[in-house]
Amino acid sequence: MSDSARAVAMLEVEGLTVTIRGAQSVARPVEGVGLSIGAGETFALLGESGCGKSMTALAIARLLPEAATVAGGRVVLGGEELLALPESHMRRVRGGRIGMIFQEPATSLNPVMTIGTQIGEVLALHRGLRGEAARAETRRLLEEVGIPAARERLDDYPFQFSGGMKQRVMIAMALAGEPELLIADEPTTALDVTIQAQVLDLLARLQTERGMAMLLITHDLGVVARMAHRVGLLYAGELIETGLREDFFAAPLHPYAQRLFAALPDSAARGRMLDALPGGVPSFDQGFAGCRFVSRCPCAFERCRIDAPDWSALDGRSVRCHLYADGTETPPRRQAVMAAAEAEVSSSSDSSVLEVSKLAVHFPVKKGLLRRTVGWVRAVDGVSLRLEAGRTLALVGESGCGKTTVGRAILQLTPPMAGEMTFDGAPLRFRDRVAVRGMRRAVQMVFQDPFASLNPRLCIGDILEEGMVSLGVGGDAQGRQRTVDEILERVGLLPEMRWRYPHEFSGGQRQRIAIARALAVSPRVIICDEPTSALDVSVQAQLLNLMCELQRERGLAYLFITHNLAVVRYMADEVAVMYLGRIVEQGPAARVLEAPVHPYTRMLLAAVPRVDAGGEEGSGAPKEKPGMAAEPPSPLAPPMGCHFHPRCELATDACRTAFPVAQELGCGHIVRCHLATI
């Protein structure tokens, strides 16, 4: 971003403060925030969940909840003071001059209105387009954001779109009013890597074409590295560091920023615990005498507890920290921030616990009055896996490839059509209820959404005891209560929390409760379905550390289902790459991730935003690789031959006619690709 472009500020925020008045106290989720964004520039607002990022965006757009008010500050858009406008005028600004992409498109889109009608409302209000003119413009917007067959999809409802397509519809709706400022609130949270790459490339292209200012809200450092021109780090409602993206990633100044980078999982961190931030973001309703980060900072000293730090300038950057009060850093304290725990993860045994061979799950498609079967969705089509004690097998792939169905089929939550399973070397018949009941005690599952998987009407203690009672373990009532207290302490929660309900916990705590529920019956295998999805980096590090500790202590085998390849690099011993119901590449994590053979594996790895690219020039430029933009084929009618060939730039005639056989490349590395060499 050139200095001349940045000089033209499209948005200026000064001293923005938001208060929420409660019965006993006043909370300040945003306090004294100031930032500016130029035309064509992306400003990334970075921080953990609960730091006030979304509240800042809502205050700028004047969309605060009823209990919250803007207590001070200025918000100027293109020279116009937004906080002084009457609400009738502000309705013209929202959706017009300011477009907003919300975090969860499924809940932001009206489920009972067609996509065309919802975008048409924006066009009618902000551009006066109605009838055929609005319909034509809606079709053009959908085409612009990459929705295939846009004319036919105008009358579709949100449930008929995939997650990535719904996010594209949200972008089209945000662009319908031709905004000067686009606010993107976690636009890629919980999307798999290829869909995330498509959405980020789309935003970068549209920004370049339209010259929009963009406020990007995220906790994902990889997304910041890819998209941002400048970065603002927010903690407990207060900006604590700002600067150019390349400077921020080359040498973050604030201890909080340094700890966020230290908590990132990758292959370099294998064999040791992640440097997870202790504790959590402090409550907004408390008074802050000194630095807000003091309770979690490893290099805090007395002044940090008494005086709130002011801004310090260093090498063209600004940081709010006493370590830089005299304009220079204090090396001994700064080095202490980056020190990581060196607890070694113990070596594992090679004993096989659970093996699955040629697992198949097909769902019938029924139509007509008599509900006759007219086809089959081949969700899982011949998958073979081997889980070993004390080791982690990561199952990766795009959304819809069948990963979760594999986990559910192993536990018989989804009945498999075919396949064989052995547990401790003994065959396990799928329809043998006694054998399945015993296997379910030894094999537990941690679901992707802990809030949806925890009964909201039961307190946590009852939830943990429920499994023990059902499977007949844990002894009498007193014995089960002692077990519950021990497990809660083991996962970092207090025993007295057993009387709380799921809604009284944070997202990270609920995921710990889900792990505690799995541990309550002393399993030997845990199937983890996206356990870190949508968690910010510090909570994710705490959870991964916990899982590594439990694996070391109990010799647990993990089947780790995820699309987060950074977590895979840190956790996995083996990796299996799944595409459209089949395993296309499998082997030791180091070989598959560092020297991938299958074109699909290479595409997945290329789609991952890289934190170490934060200093590269032009991070916001589109980086889409061949195959990313294409939607995966339907499992109802998979392509002939190799299922990936319609998206593969290297496909040959052999790829289009025959599914490749498995080829052993050495050291347990197996690939199914006609182009692979032995």
Side-chain angles (χ1 to χ4, degrees), residues 20 22-25 27 29 48-51 236 273-274 276-288 292-297 341 343 441 444-447 449-523 526 528 531-532 534-536 538-554 556:
I20 300 176
Q24 304 295 331
S25 61
E48 294 174 276
S49 297
C51 279
M273 306 304 286
L274 293 173
L277 277 160
V281 180
S283 172
F284 291 120
D285 59 1
Q286 69 180 68
F288 295 100
R292 301 184 178 206
F293 187 60
V294 65
S295 63
R296 306 173 74 187
C297 184
R441 173 179 174 178
Q444 287 288 300
M445 191 164 186
V446 177
F447 295 93
D449 186 349
F451 191 64
S453 66
L454 299 174
N455 191 329
R457 295 180 177 86
L458 295 181
C459 64
I460 299 307
D462 291 340
I463 289 174
L464 267 58
E465 282 193 54
E466 189 177 32
M468 291 188 281
V469 172
S470 176
L471 294 173
V473 299
D476 58 13
Q478 289 185 338
R480 291 194 300 270
Q481 288 181 12
R482 285 194 300 270
T483 301
V484 167
D485 291 345
E486 291 169 2
I487 291 174
L488 286 174
E489 287 185 328
R490 187 62 198 84
V491 299
L493 299 174
L494 299 175
E496 52 265 31
M497 290 181 175
R498 62 176 293 131
W499 306 112
R500 295 186 188 177
Y501 290 85
H503 72 272
E504 298 179 85
F505 294 87
S506 68
Q509 288 175 321
R510 284 196 287 264
Q511 197 62 285
R512 288 172 181 266
I513 293 165
I515 293 174
R517 178 174 58 181
L519 293 173
V521 295
S522 301
I526 297 183
C528 307
T532 62
L535 296 182
D536 59 58
S538 59
V539 177
Q540 174 182 267
Q542 294 172 11
L543 195 65
L544 294 179
N545 282 344
L546 172 63
M547 295 182 71
C548 287
E549 289 175 5
L550 293 170
Q551 186 174 56
R552 182 187 64 220
E553 293 172 3
R554 304 188 178 207
L556 294 170

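Keep in mind that the numbers below use all heavy atoms, side chains included, and drop hydrogens, waters and symmetry copies.
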If you take all heavy atoms of [X] and [Y], which pair is closest and at what distance?
| X | Y | answer |
| --- | --- | --- |
| P29 | I20 | CG-CD1, 3.9 Å |
| P282 | F288 | CG-CE2, 3.8 Å |
| S49 | D536 | N-OD2, 2.9 Å |
| I487 | A516 | CG2-CB, 3.4 Å |
| F505 | I460 | CE1-CG1, 3.4 Å |

State, with a plain yes or no, whether a side-chain heavy atom of [X] is found less than 4.5 Å away from one of [Y].
| X | Y | result |
| --- | --- | --- |
| S453 | M445 | no |
| I526 | L550 | no |
| L464 | I513 | yes |
| L519 | V491 | yes |
| L493 | Q509 | yes |

Checklist entry - Do V281 and R296 pass the side chain to side chain contact (heavy atoms under 4.5 Å, CB included) test, and can you show the C-alpha distance, the side-chain angles, and the key distance before you say yes or no? => result CA-CA 9 Å; V281 180; R296 306 173 74 187; 4.0 Å; yes
Checklist entry - Does Q444 have any side-chain hydrogen bond (donor to acceptor under 3.5 Å, both in side chains) partners at least two apart in sequence or in another chain, and if so, which? => result none
Just verifying a value: how many Å separate [X] [atom1] and [Y] [atom2], rounded to the nearest 0.5 Å?
| X | Y | atom1 | atom2 | answer |
| --- | --- | --- | --- | --- |
| L556 | S522 | CG | OG | 9.5 Å |
| E48 | L277 | CD | CG | 5.5 Å |
| Y501 | D462 | OH | CG | 7.5 Å |
| Q540 | Q511 | CD | CD | 11.0 Å |
| L544 | L274 | CG | CG | 6.0 Å |

Next on the checklist: By the side chain to side chain donor-acceptor pair (under 3.5 Å) test, which pairs, at least two apart or in different chains, include something from residues 470-480?
Outcome noted: E465-R480
If the condition is salt bridge (charged side-chain N to carboxylate O under 4.0 Å, His left out), which residues does [X] pass it with, not counting sequence neighbours?
| X | value |
| --- | --- |
| R490 | E549, E553 |
| R517 | none |
| E489 | none |

Next on the checklist: Tell me every residue that passes side-chain contact (heavy atoms from CB on, under 4.5 Å) with D485, counting only those two or more places apart in sequence or in another chain.
Outcome noted: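 Scan of D485 (side-chain contact (heavy atoms from CB on, under 4.5 Å), adjacent residues dropped) gives P495, R498.
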Checklist entry - Of all residues at least two apart in sequence or in a different chain, which pass the side-chain contact (heavy atoms from CB on, under 4.5 Å) check with F451? => result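 In terms of side-chain contact (heavy atoms from CB on, under 4.5 Å), with neighbours along the sequence ignored, F451 is linked to D449, P502, H503, R510.
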